[in-house]
Novice: 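Take a look at this one; I'll ask things after.
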Amino acid sequence: VKRVLPHVADDRQFVDMFTDEARLVMQLSHPNICHVYSYGKEEGAPFISMEWVNGMPLSRVLRRAKGQGGLSVPLVLKIVAQVADALDHAHRAVD
């Protein structure tokens with residue numbers, strides 16, 4: 001669950017961007033984009049219910065790799081290609 005934190009809940013622009021994100025991502029279906037199940041409000045606070053992705057956060061992967069000379073070129077290329085594929089899908093999506 002992704003939610004708007006209390007310290008930004010009164011920022012109308014932030015809440016509007018959060019809502020736009022939810023509406024847009026709910027329309028996307030791609031293996032490299034986390035599926036969004038629902039969007040709503042609980043006690044007045046907006047939330048997005050998302051697919052659980054099992055795995056290690058990229059930040060942790062990078063911290064571990066830093067002590068081992070960095071990530072391998074093939075792994076970096078794979079990550080970049082998958083992100084680029086997802087971004088291409090998102091940018092080509094039309095409603």
Side-chain angles (χ1 to χ4, degrees):
V1 174
K2 182 176 183 178
R3 60 190 180 95
V4 173
L5 297 175
H7 70 279
V8 291
D10 293 330
D11 182 339
R12 184 84 247 142
Q13 184 178 8
F14 183 87
V15 173
D16 288 347
M17 286 189 324
F18 186 86
T19 302
D20 289 344
E21 174 188 347
R23 288 184 183 140
L24 290 170
V25 176
M26 286 180 77
Q27 298 175 36
L28 301 176
S29 179
H30 187 276
N32 297 332
I33 299 175
C34 183
H35 182 73
V36 172
Y37 295 111
S38 64
Y39 165 78
K41 288 188 177 183
E42 181 67 31
E43 297 179 7
F47 71 89
I48 300 172
S49 170
M50 305 168 78
E51 169 187 19
W52 173 260
V53 177
N54 195 22
M56 189 180 302
L58 182 58
S59 60
R60 188 180 304 162
V61 171
L62 293 173
R63 274 195 308 275
R64 285 186 179 181
K66 192 175 183 179
Q68 301 171 351
L71 297 175
S72 69
V73 172
L75 179 57
V76 170
L77 293 174
K78 182 176 181 175
I79 292 169
V80 169
Q82 289 179 350
V83 170
D85 191 40
L87 285 171
D88 179 66
H89 175 77
H91 285 280
R92 290 176 187 266
V94 293
D95 56 352

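Note that the structure is predicted; figures quoted are calculated from it, not measured. Position 1 is the first residue of the sequence; numbering continues from there.
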Novice: Quick one: are Ser49 and Val36 in side-chain contact, heavy atoms under 4.5 Å?
Specialist: no

Novice: Distance check, rounded to the nearest 0.5 Å: Leu24 atom CG versus Gln27 atom CD?
Specialist: 6.0 Å

Novice: To the nearest 0.5 Å, what is the distance between CZ (Phe47) and OG (Ser38)?
Specialist: 4.5 Å

Novice: Is there a continuous path of hydrophobic side-chain contacts, each under 4.5 Å between heavy atoms, that joins Leu62 to Val80?
Specialist: yes

Novice: Over all heavy atoms of both residues, which pair between Cys34 and Val25 is shortest? Give the atoms and the distance, please.
Specialist: O-CG1, 4.0 Å

Novice: Quick check for you: to the nearest 0.5 Å, what is the distance between His30 atom NE2 and Asp85 atom CG?
Specialist: 3.5 Å

Novice: Distance from Arg3 atom CZ to Glu43 atom CD, nearest 0.5 Å?
Specialist: 10.5 Å

Novice: Rounded to the nearest 0.5 Å, how far apart are CZ of Arg23 and OG1 of Thr19?
Specialist: 6.0 Å

Novice: If you count the non-hydrogen atoms of other residues, nucleotides and ligands that lie under 6.0 Å from CD in Glu51, is the total more than 12?
Specialist: yes

Novice: Is there a path of hydrophobic side-chain contacts, each under 4.5 Å between heavy atoms, that joins Leu87 and Leu77?
Specialist: no

Novice: Taking the side chain as C-beta and beyond, is there a heavy-atom pair between Leu75 and Ser72 under 4.5 Å?
Specialist: yes

Novice: Is it the case that over 12 heavy atoms from other parts of the model lie below 6.0 angstrom from the CG atom of Asp20?
Specialist: yes

Novice: Once rounded to the nearest 0.5 Å, what's the spacing between atom CE of Met50 and atom OH of Tyr37?
Specialist: 10.5 Å

Novice: So, the side chain of Asn32 versus the backbone of Ala86: is there a donor-acceptor pair under 3.5 Å, distance only?
Specialist: no

Novice: On the 0 to 90° scale, with breaks at 30° and 60°, tag the Phe18-Phe14 ring pair as parallel, tilted or perpendicular.
Specialist: parallel

Novice: List the steps and the verdict of side chain to side chain contact (heavy atoms under 4.5 Å, CB included) for Met56 and Arg64.
Specialist: CA-CA 11 Å; Met56 189 180 302; Arg64 285 186 179 181; 3.2 Å; yes

Novice: If you define the side chain from C-beta out and look only at heavy atoms, does anything of His89 sit under 4.5 Å from Leu28?
Specialist: yes

Novice: Using the rule given for side chain to side chain contact (heavy atoms under 4.5 Å, CB included), can you reason through Ile79 versus Leu58, listing the C-alpha separation, both sets of side-chain angles and the distance that settles it, and then say yes or no?
Specialist: CA-CA 10 Å; Ile79 292 169; Leu58 182 58; 4.2 Å; yes

Novice: Salt-bridge test for Lys2 and Glu21: reply yes if a basic N is under 4.0 Å from a carboxylate O, no otherwise.
Specialist: yes

Novice: Side-chain contact, heavy-atom cut-off 4.5 Å: Val61 with Leu71?
Specialist: yes

Novice: For the residue pair Arg92 and Asp88, what are the closest heavy atoms and their distance?
Specialist: NE-OD1, 2.6 Å

